[in-house]
Amino acid sequence: KDSDQSLISLLFQYGRYLMISGSRQGGQPLILQGLWNDNRLPPWNSGYTVNINGCTNEADLIMEGGSNMDVAGGIIGAHNESSFTINIDRCRNSGTIHAEGNHEVYAGGIVGRVYEYALSSNAVLRLSNCVNSGEIVAYTSKAAYDTAAGGIVGSNRSDGSSSYSPLLCNCLNKGDVVSCGNDGYGGGIIGFLYDETTKLYAFVNMGDVYASLSGYDDSLRDSYLGSIVGDAYSGDPGDYYWCYWKNNAGELPIFHGEKDYEHKYECGYKYWVSAYEDMNPILSKVPDPRGVGMAQWKGNSSDGTLDLDF
């Protein structure tokens with residue numbers, strides 16, 4: 001059937017009308033929600049954001065760096081913007097992320113490094129409904145420098161404001177994580193975390209976490225490994241809710257040096273979930289940064305089919 005050209009024109013003009021009516025001369029451009037909305041706490045706080053939704057990477061990323069910092073991520077390498085919140089939702093990586101250099105090295109299944117001393121308190125990371133199944137490796141050839149590798153995020157830093165604390169929720173890591181540096185920070189979800197106000201909800205890590213790499217010299221190096229977070233700058237990794245893991249035969253704590261932390265907020269190896277029936281009931285308790293609903297879980301961990309459905 002022929003398309004209704006008048007309807008197409010009307011919809012285009014209607015879009016222009018909404019854009020113009022939601023903006024003011026001399027002011028900022030229109031945001032996602034416009035000038036008005038019916039929610040006291042609207043999605044994305046009605047702020048200016050960088051949105052990355054529904055991206056998939058299947059390619060292997062091998063970075064052999066030079067004389068400066070090296071960062072690699074399955075979806076985003078580094079986020080250094082200090083003015084915008086970055087929102088990442090329903091992204092997936094299945095490729096190997098291997099970052100190697102002779103300086104500081106960061107690698108993550110979704111994001112390699114978030115570095116923010118925020119000029120605006122809105123500048124934080126919001127990440128939800130993401131999956132990594134690729135191997136994540138960060139290695140430096142010089143023992144004087146550190147590395148951070150995470151199944152989802154290599155390293156995360158924000159401004160530390162509790163009002164805009166980093167929020168990560170409903171993600172799955174299946175890939176092994178290797179971090180080999182002077183101080184090698186490796187976590188099933190986040191390698192190194194600077195901000196104690198970070199909140200993590202509903203994470204599952206099925207990958208192993210290591211501090212050495214076959215064929216590389218890892219002598220005289222320290223390791224800081226955790227099933228969820230490798231280590232935290234302040235010694236406080238923030239708040240975790242419903243975070244589970246089944247890796248390294250249950251030997252690793254939830255984050256470096258804190259074996260007892262796993263008993264808080266129903267987190268830990270002993271609470272391990274076996275199938276989607278264990279995860280989906282808790283999603284109603286998880287904050288939804290986008291306001292469009294959480295991705296549902298499917299499959300079973302016993303045969304490796306546990307996944308997010310999106």
Establish whether Val273 and Val286 are linked, either directly or via other cluster members, by ILVMFWY side-chain heavy-atom contacts under 4.5 Å. yes
Apply side-chain contact (heavy atoms from CB on, under 4.5 Å) to residues Ile88 and Arg126 and explain how you reach the verdict. CA-CA 6 Å; Ile88 304 171; Arg126 303 278 196 246; over 6 Å; no
Determine whether Val209 and Asp176 satisfy the following criterion, side-chain contact (heavy atoms from CB on, under 4.5 Å), listing intermediate values before the conclusion. CA-CA 6 Å; Val209 184; Asp176 291 345; over 6 Å; no
Would you say the side chain of Leu127 lies within less than 4.5 Å of the side chain of Cys171, judging by non-hydrogen atoms? yes
When every non-hydrogen atom of Pro281 is compared with those of Ser284, the smallest separation belongs to O-OG, 3.7 Å
Between Asn156 and Leu193, is there a donor-acceptor pair closer than 3.5 Å when you use the side chain of the first and the backbone of the second? no
Quick one: list whatever passes salt bridge (Lys or Arg N to Asp or Glu O under 4.0 Å) with Asp278, sequence neighbours left out. none
Electrostatic pair Arg113-Asp70, nearest N-O below 4.0 angstrom: no
Walk me through whether Met206 and Leu172 qualify under side-chain contact (heavy atoms from CB on, under 4.5 Å). CA-CA 8 Å; Met206 298 172 64; Leu172 167 66; 4.0 Å; yes
Does any N or O in the side chain of Asn173 come within less than 3.5 Å of the main-chain N or O of Gly188, such that one atom is a donor and the other an acceptor? yes
Check the pair Leu225 / Tyr210 against side-chain contact (heavy atoms from CB on, under 4.5 Å), numbers first and verdict last. CA-CA 7 Å; Leu225 308 180; Tyr210 302 103; 5.6 Å; no
Hey, what do you get for CD (Glu58) to CZ (Arg92), rounding to the nearest 0.5 Å? 9.5 Å
At what distance, to the nearest 0.5 angstrom, does OH of Tyr145 lie from CG of Asp183? 13.5 Å
Counting neighbours of CD on Gln296 that are heavy atoms of other residues, nucleotides or ligands and sit closer than 6.0 Å, is the number greater than 12? yes
For Ser133 and Gly175, indicate whether the former's side chain and the latter's backbone hold a donor-acceptor pair under 3.5 Å. no
Could you tell me if the side chain of Leu200 sits less than 4.5 Å from the side chain of Ile190, heavy atoms only? yes
Taking every heavy atom of Ile75 against every heavy atom of Cys91, the minimum-distance pair comes out as CG1-CB, 4.0 Å
Main chain of Ser94, side chain of Asn57: is a donor-acceptor contact present, judged purely on distance under 3.5 Å? no
How far apart are the closest heavy atoms of Ala107 and Ile97, and which atoms are they? CB-CG2, 4.4 Å
Under 3.5 Å: donor-acceptor pair, side chain of Asn102, backbone of Ser141: no
A side-chain contact here means heavy atoms from C-beta on lying under 4.5 Å apart; do Phe12 and Leu10 qualify? no
Please check if Ile282 and Leu308 belong to a single hydrophobic cluster, counting links between Ile, Leu, Val, Met, Phe, Trp and Tyr side chain heavy atoms closer than 4.5 Å. yes
CG of Asn93 to SG of Cys130, rounded to nearest 0.5 Å, is 10.0 Å
Any donor-acceptor N/O pair, Asp146 side chain to Glu104 backbone, under 3.5 Å: no
Note: Val105 and Tyr139 closest approach over all heavy atoms is CG2-O, 3.4 Å
Which atom names give the shortest non-hydrogen contact between Phe310 and Val131, and what distance separates them? CE2-CG2, 4.0 Å
Dump the intermediate steps for side chain to side chain donor-acceptor pair (under 3.5 Å) on Asp89 and Ser128, then the final yes or no. CA-CA 5 Å; Asp89 185 72; Ser128 56; 2.5 Å; yes
CD-CG distance between Gln13 and Leu18, expressed to the nearest 0.5 angstrom: 11.5 Å
Side-chain heavy-atom pair Val178, Ile136 within 4.5 angstrom cut-off: no
Taking the six-membered ring for Trp, are Tyr224 and Tyr185 parallel (under 30°), tilted (30 to 60°) or perpendicular (over 60°)? parallel
Sequence neighbours left out, what passes ring pair (Phe, Tyr, Trp, His ring centres under 6.0 Å) with Tyr106? Give chain and number order. none
With a 4.5 Å limit on heavy-atom distance, are the side chains of Leu61 and Thr96 in contact? no
Quick one: do Met279 and Leu283 end up in the same hydrophobic cluster if we chain Ile, Leu, Val, Met, Phe, Trp and Tyr together by side-chain heavy atoms under 4.5 Å apart? yes
Spacing of CG belonging to Asn205 relative to CD1 belonging to Ile152, to within rounding of 0.5 Å: 8.5 Å
Using a 3.5 Å distance criterion without hydrogens, assess whether the side chain of Ser9 forms a donor-acceptor pair with backbone atoms of Gln5. no
State the NZ-OH distance between Lys285 and Tyr201, to the nearest 0.5 angstrom. 12.5 Å
Tightest non-hydrogen contact, residues Tyr276 and Trp297, listed as CB-O, 3.2 Å
Main chain of Gly151, side chain of Asn132: is a donor-acceptor contact present, judged purely on distance under 3.5 Å? yes
Are the side chains of Val153 and Ile110 in contact, using a 4.5 Å heavy-atom criterion? no
Would you indicate whether the side-chain heavy atoms of Val204 and Leu306 approach each other to under 4.5 Å? yes
Arg90 side chain vs Ile52 backbone, donor-acceptor pair below 3.5 Å: no
Verdict with reasoning, Ser179 to Thr147, per side chain to side chain donor-acceptor pair (under 3.5 Å): CA-CA 6 Å; Ser179 183; Thr147 58; 2.8 Å; yes
